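Reading through the structure tokens given below for one structure.
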Amino acid sequence: MLKITAFNGSPKGKKSATHIMVEEFLAGASQAGAEVENILLAKRKIKHCLGCFSCWTKHLGKCVIKDDMADLLVKLKNSDIVVFATPLYIDNVSGILKVFMDRSIPLGTPYFEKDEQGEYRHGDREGYSASFERVPKLVIISNAGFPEQSHFQVLSLLMKRVARNLHSEVIAEIYRGQGPFLLAPVKELLPVIEKYKTLLRQAGHELVTDLRLTGDTKKALNEPLVPHDMYIYHVTKYWDYAIKSNDR
């Protein structure tokens, strides 16, 4: 059975658009027969990396910090597919997810090796890829408050580099401009949101059965929920209301 673990880096946890996307994706994957888990990093104790390199020189493969990361790394290593999920913060991952990725350094070694393109990277910890049957493939899920899909360019490149460093590959990227609409209680938007949720479940199902998304699914996932001008209108209206409410 395929094991899929999602690491959700939204500070809002279950109240986030990121959580909605992950839950729908995992529902489709579960329906296709996968074992799934959605981990809210905001609920876990994860301290910043100290940069001491003890995991490379003293306690090989183990971090000196005593928090939740040791258990989380076991979950990462024992997954067939890992989902990195995050809201888009200044064209990048959230701070919570960045700290999580920083703390994955015990999976590597200080020694350099060349990848398939001849570029140097750190080797993987002896026993990481050897003692586990697979190195997890990556799926990236993110949403942004901006309307266009073009805002995910930096994140897309970053995650491909992260996959390279983990000796893995990105097999799917699911990005959602107009992300706040997933949480919007606007009646006329409900059919649009339900249609998008169906697409997310379809994506999860396809990843389990084929380890890839079809071209049609990728195209549909990238379509705007509504025209950009309509989105801007509703977002502006929301912020006007929020600001006036706090002025009372």
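These numbers come from a predicted model, not from an experiment.
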Flag, side chain of E35 to backbone of M1, donor-acceptor distance under 3.5 Å: no
Residue H228 excluded, over 12 heavy atoms near NE2 under 6.0 Å: yes
Non-hydrogen side-chain atoms of V36 and N38 separated by less than 4.5 Å: no
Under 3.5 Å donor-acceptor, S16 side chain and G13 backbone: yes
Any side-chain heavy-atom pair of K14 and E23 under 4.5 Å: no
Whether R176 side chain and T18 backbone form a donor-acceptor pair below 3.5 Å: no
Under the ring-ring contact (aromatic ring centres under 6.0 Å, His included) test, residues paired with Y175 that sit two or more places apart: F152
Check: W56 side chain, G108 main-chain N or O, donor-acceptor pair, under 3.5 Å: yes
Exam field: side chain E24 to backbone T198, donor-acceptor pair closer than 3.5 Å: no
Under 4.5 Å side-chain linkage, directly or through intermediates, the cluster mates of F112: Y120
Verify same cluster id: V162, V170 (apolar side-chain graph, 4.5 Å): yes
Pairs flagged by salt bridge (charged side-chain N to carboxylate O under 4.0 Å, His left out) wherever residues 60-73 is involved - sequence neighbours left out: D67-R103
Member of I232, V226, L225 meeting the side chain to side chain contact (heavy atoms under 4.5 Å, CB included) criterion with P147: I232
Heavy-atom side-chain contact between E37 and K75 under 4.5 Å: yes
Exam field: side chain T86 to backbone S94, donor-acceptor pair closer than 3.5 Å: yes
Salt bridge (charged side-chain N to carboxylate O under 4.0 Å, His left out) between K160 and E173, intermediate numbers included: CA-CA 10 Å; K160 289 181 175 65; E173 300 173 80; 2.8 Å; yes
Whether over 12 other heavy atoms sit under 6.0 Å from E148 CD: yes
NZ/NE/NH1/NH2 to OD/OE distance under 4.0 Å, E119 and R161: yes
Any donor-acceptor pair under 3.5 Å from T217 side chain to L213 backbone: no
Backbone N/O of P224 and side chain of Y196: donor-acceptor pair under 3.5 Å: no
